[in-house]
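Notes to accompany the following structure.
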Amino acid sequence: MTETFAHAPSAAPTPTAPDAAFTDLPWVQRFAALGPDFVATLSPSPLPAPYWVGRNNALAFDMGLPEAWASSDALLQTFTGNHVPKGTAQTASVYSGHQFGVWAGQLGDGRACSLGELAGLQVQLKGAGPTPFSRRGDGRAVLRSSIREFLCSEAMHALGVPTTRALCVTGSDAPVWREERETAAVVTRVAQSFVRFGHFEHFSHGQQHAQLKTLADYVIAHFYPACRHGAQEGANPYAALLAQVTQRTAEVVAHWQSVGFCHGVMNTDNMSILGLTLDYGPFQFLDAYDPAHICNHSDTQGRYAFYKQPNVAYWNLYCLGQALLPLIDDQEQAIAALETFKTHYPQALAARFAAKLGFAQAHDTQKPLIEAALKLLAQDRVDFTIFWRRLSHWAAAMDPADTSVRDLFMDRAGADALLTLFRALHEQSDGGSPASVLARMLRTNPKYVLRNHLGELAIRAAKDKDFSVLQALQTVLAQPFDEHPSHEAWAGFAPDWAAGIEISCSS
Ligand code: AMP
Ligand code: MG
């Protein structure tokens, strides 16, 4: 098969011949092979004169892309949707879902074009034009939201939070209309699988039980083989799947809560069957700690406020359980699988906060300390990331004369009481030497997170075709526990103008 530049529009530049090194990548089509009940074939709509906005060399290396990928025009065109390399497919998958608590019916990949799998990772072009599931949307993504997704997925990965990854962003000056005129971009995102709770809801709601089973068997075979092979004789593999997804979801949400990550649109169509953070839209890392914080300006009811995320995850798992019921065929088993959330989530959260506090293991005695810390942080609206990082350094000597933590609070007496409690618990525990406590805390409490205003700095520069801020942020966020003294300002408090950044679903 020869390489073709499909669907080149008159506005697009004449494509150059694809670089030989990239024509034989070992693409695999496992999901697309499920067939037309699951995916629709499409043609990506090219964008004129694409340029690189951001690239992730470490991920490219892991995926087996040649080192010179950055200089490959073929790859620039491929990751913009302008060029269709040998071995790729162009598909969008169908799913449904509950949005803001209400059944929304059929949704599907409205702007994501899947190319297939490389090195075990599905590759999707987000923003490559309309698909059969675009409904009223334009199939595009804007530069602003693409940069946010690119930076945040890699920042989350570096924090150790399960997430979809981002390989690159390409841009084009083609206009895209949102609240105002913006320009187009394409994020190439990758994950072992992009299957969502909503995929199961789709086939269940439509009474397509054969397809529901095909999908569940696909997910079990590729990602949860123990649900079939490790299960006891007679045990239901679909109930085992539900239990596994419940556990992974509990873990990822506990991780979010521990780093102050607000997802913003936890609709069931944005919930990964692998427990990955998926669909970066109006997300935000908390600056000041406010458990009731709503990061999505479209979420007028506050359904997805920060503190509600665990409950919403549980609600979403119930939707998944309902969808799997025709396969589990036993309500008791489904409920038993879902109920495990009530133990997994608190355990996962306790483990995260134990580490944040410098303890080797979670223990019930830490609960009053965690509660006191969160209560005081909320009361004084203290910066979440800065508090934990300063506490980490304070723990090295636990010296009351070191006022770095107490200075963060209006309530100085409250802060002193908190630090006293912290020190007392460490004295009672066998958490190790101050040096080991410090080391544990410094690798758990990041110095750098992708605060909204940092993303905004990268976006503003990128709009002027200056990608240096994005690159520097990318480098810092890839090692968020390191000091990076030359970027100290990015570890500081959010400036006043950060409060004016409005993030909505519009992306
Ligand atoms: P989201 O709120 O981003 O999770 O998207 C919800 C649904 O809308 C999904 O089916 C998306 O594929 C679709 N969608 C979002 N933005 C667009 C767009 N610009 N064009 C087409 N479909 C879109
Ligand atoms: Mg979505």
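Each residue takes its place number in the sequence, starting with 1. In each ligand, atom 1 is the first atom listed, and ligand 1 is the first ligand listed.
Counting only protein atoms, the N, O or S atoms lying less than 2.8 Å from the Mg ion (ligand 2) are Asn270 OD1, Asp279 OD2, ordered by chain and residue number.
Ionic pairing of Glu251 and Arg248 is not present here: no N-O contact between side-chain nitrogen and carboxylate oxygen is shorter than 4.0 angstrom. Between Asp279 and Arg189, at least one side-chain nitrogen of the basic residue sits less than 4.0 Å from a carboxylate oxygen of the acidic one, meeting the salt-bridge criterion. At a threshold of 4.0 Å, the pair Asp217-Lys213 counts as salt-bridged, since one of the basic side-chain nitrogens sits closer than that to a carboxylate oxygen.
For the pairing with Ser93, the side-chain hydrogen bond (donor to acceptor under 3.5 Å, both in side chains) check across His199, Gln122, Gln124, Arg196 returns one residue only, His199.
Side-chain atoms of Asp383 come within 3.5 Å of backbone N or O of Thr385 as a donor-acceptor pair. Not a single donor-acceptor pair under 3.5 Å links the side chain of Gln284 to the backbone N or O of Ile294.
For ligand 1, the atoms lying closer than 4.0 Å to a non-hydrogen atom of Arg178 are 19 (N). Atoms of ligand 1 lying under 4.0 Å from any heavy atom of Asp279, numbered from 1 in the order shown and given with element: 4 (O). Listed by atom number, the atoms of ligand 1 under 4.0 Å from Arg140 heavy atoms are 19 (N). If you number the atoms of ligand 1 from 1 as listed, the ones under 4.0 Å from a heavy atom of Gly137 come out as 20 (N), 21 (C). Listed by number with element, the atoms of ligand 1 under 4.0 angstrom from any heavy atom of Leu107 are 10 (O).
Annotation: cation-pi pair Arg148/Phe283 present, NZ/CZ under 6.0 Å from the ring centroid and within 45° of its normal. A cation-pi geometry, defined here as NZ or CZ lying under 6.0 Å from the six-membered ring centre and within 45° of its normal, holds between Lys465 and Tyr51. Geometrically, Arg352 does not engage Trp256 in a cation-pi contact, judged by NZ or CZ lying under 6.0 Å from the ring centre and within 45° of the ring axis. No cation-pi contact links Arg451 to Trp497, judged by a cut-off of 6.0 Å to the six-membered ring centre and 45° from its axis.
At a 4.0 Å heavy-atom cut-off, ligand 1 touches Asp138 through backbone and side chain alike. Neither the backbone nor the side chain of Arg196 comes within 4.0 Å of ligand 1, counting heavy atoms alone. Only the side chain of Tyr95 comes within 4.0 Å of ligand 1, judged by heavy-atom distances.
Closest to atom 17 (C) of ligand 1 by heavy atom, among Gln106, Arg136, Arg111, Gln99, is Arg111.
Taking atom 20 (N) of ligand 1 as the reference point, the nearest protein heavy-atom neighbour is Gly139 N, 2.8 Å. The protein heavy atom nearest to atom 10 (O) of ligand 1 is Gly108 O, 2.6 Å. With respect to atom 7 (C) of ligand 1, the closest heavy atom belonging to the protein is Arg135 NH2, 3.1 Å.
Contact check for Val259 versus Asn445: no side-chain heavy atoms found under the 4.5 Å cut-off.
At least one N or O atom of Gly110 sits closer than 3.5 Å to an N or O atom of ligand 1. At least one N/O-N/O distance between Asn270 and ligand 1 falls below 3.5 Å.
Checking atom 5 (O) of ligand 1 against the protein gives no heavy-atom contact under 4.0 Å.
You'll find the ring centres of Tyr345 and Tyr314 outside the 6.0 Å limit.
For Met266, the closest heavy-atom approach to ligand 1 does not fall below 4.0 Å. Distances from ligand 1 to the non-hydrogen atoms of Gly281 include no value under 4.0 Å.
Between Tyr304 and Phe100, the angle of the ring planes lies from 30° to 60°, which puts this pair in the tilted group.
Scanning all heavy atoms of the two residues, the minimum distance from Leu215 to Leu34 falls at CD1-CD1, 4.5 Å.
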